[in-house]
Every structure is written in structure tokens, then in C-alpha cells.
Amino acid sequence: MRRHLRKAAHTTWIRIRTAPGTYLWLAAVAAHVGATLVSEGILSWAIHHGRSHEAVTRTLDVGVGYALAGVVAVLAYRIAPPWRYPYVGAVLIFYGVPLIAGPGFTDVGHFTAVLIGLACYPLTRARPRDPNLDTGTESGVRTPT
């Protein structure tokens, strides 16, 4: 019984880890939460140091923009290496120009989300599969029919 439970838990973990969109969801959540914390922290610092008006404290920063910026960045690792670098450059320019032109807390948040998405590279690495194992059989060996 224990052996079957361990095998079921291991198989479930492999399915979760190799699900097609799992890394995208994890990157989206990490980018959204991380960028929100950074942008709100910078906004709080600016208010306390007199660099921003206190009326901004009631500003709500809701939406999926940070999550989408993180996903746009992490998708760079799904592009073949010769084309990956211009793509990453275009993403950094797209989110960096508004940050340089007139930085607001949302611009900081979007650029932070892109950096967090680029930092999610370990989520995109696939584990090498062993072609000799068949997870559909109990012994792991497929017999010819």
C-alpha cells in the first residue's frame, strides 16, 4: 500500500511540474505579488519623504498588468536562442522607456515584474526524460505487442 501511495505522489508531482502552463502561472503570481510589493513600497517611501502627494495613498493599484509583464518576460525562455536576445531587448525597451520618460509607481511595477519574470528561468527548465521508462506501466518497461 505504501509503495502505491509513494508512486502516486511522485507521479502527481511530475504531472504538476510538467503541466504546460504551470510555470506561467507561478511566474505570473510571483511577478504580480513581487512587483506590487516593490511599487507600493516605493510609493510609501515617496509619500513619507515628501516626494509624492498624500492623496496618492488612496490610489488602488489593481489589474493584471504586472502579471502579464512577468509572463511576457518568462516567455523569452521558450524562444530559440538566436531570437531570444532581440526579444528580451525589445521587452526591456518597451517597459523601460516609460520608466525613464516619466517614472510613476506603475512604471516601476511593470519594469520590476519584467525583471522578476526574467528571474523565473529555473521554472522553465524541463527535466530530462528517461526514454526507457514508461510511466503507464507498473514496472516502467513497455513490452512489445
Side-chain angles (χ1 to χ4, degrees), residues 3-142:
R3 184 181 67 184
H4 295 296
L5 289 175
R6 273 187 276 152
K7 183 177 179 184
H10 180 69
T11 304
T12 303
W13 170 246
I14 288 174
R15 286 185 183 145
I16 289 172
R17 191 177 184 298
T18 58
T22 302
Y23 74 92
L24 289 177
W25 282 107
L26 292 173
V29 169
H32 183 71
V33 171
T36 300
L37 290 174
V38 168
S39 67
E40 292 295 325
I42 290 174
L43 183 62
S44 175
W45 178 87
I47 291 170
H48 289 301
H49 288 85
R51 299 193 183 250
S52 186
H53 197 271
E54 285 191 31
V56 184
T57 58
R58 290 180 287 283
T59 302
L60 293 177
D61 187 19
V62 295
V64 296
Y66 296 163
L68 291 177
V71 169
V72 164
V74 80
L75 283 176
Y77 298 116
R78 301 296 292 171
I79 299 174
W83 301 103
R84 180 182 302 164
Y85 309 113
Y87 176 83
V88 170
V91 168
L92 290 174
I93 289 171
F94 183 81
Y95 287 102
V97 167
L99 180 65
I100 294 169
F105 71 97
T106 56
D107 300 325
V108 171
H110 286 109
F111 196 76
T112 303
V114 167
L115 294 179
I116 291 171
L118 290 173
C120 287
Y121 172 71
L123 295 176
T124 64
R125 290 185 297 168
R127 288 178 26 181
R129 294 184 140 201
D130 188 356
N132 297 323
L133 291 180
D134 183 14
T135 58
T137 64
E138 181 150 330
S139 67
V141 178
R142 184 179 296 165

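Along the sequence shown, residues carry numbers from 1. Please read all numbers here as calculations on a predicted model, not as lab measurements.
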Review point. Which heavy atom of Ala31 sits nearest a heavy atom of Gly70, and at what distance?
Key: CB-CA, 3.6 Å
Practice item. Calculate, to the nearest 0.5 Å, the distance between atoms CD1 and CG belonging to Ile100 and Asp107 respectively. Key: 10.5 Å
Check your understanding: Minimum heavy-atom separation for Val71 to Ala28, with atom names?
Key -> CG2-CB, 3.7 Å
Check your understanding: What is the distance from atom CG of Leu37 to atom CD1 of Ile42, rounded to the nearest 0.5 Å?
Key -> 11.5 Å
Point to revise | Spacing of Leu75 atom CG and Arg84 atom CZ [to the nearest 0.5 Å] | key: 11.5 Å
Point to revise | Worked verdict on Val74 versus Tyr77 for side-chain contact (heavy atoms from CB on, under 4.5 Å) | key: CA-CA 6 Å; Val74 80; Tyr77 298 116; 4.3 Å; yes
Review point. Are the side chain of Thr36 and the backbone N or O of His32 linked by a donor-acceptor pair below 3.5 Å?
Key: yes
Exercise for review: Would you please classify the geometry between the Tyr66 ring and the His110 ring as parallel, tilted or perpendicular, with 30° and 60° separating the classes?
Suggested key: perpendicular
**Study point:** For the student: nearest non-hydrogen atoms of Ile116 and Ala35, plus distance
**Key:** CD1-N, 3.8 Å
Review point. Between CG of Leu92 and OH of Tyr87, what distance do you get to the nearest 0.5 Å?
Key: 10.5 Å
Revision key, fill the gap. Interatomic distance, CG@Leu24 vs SG@Cys120, rounded to 0.5 Å, equals 10.0 Å
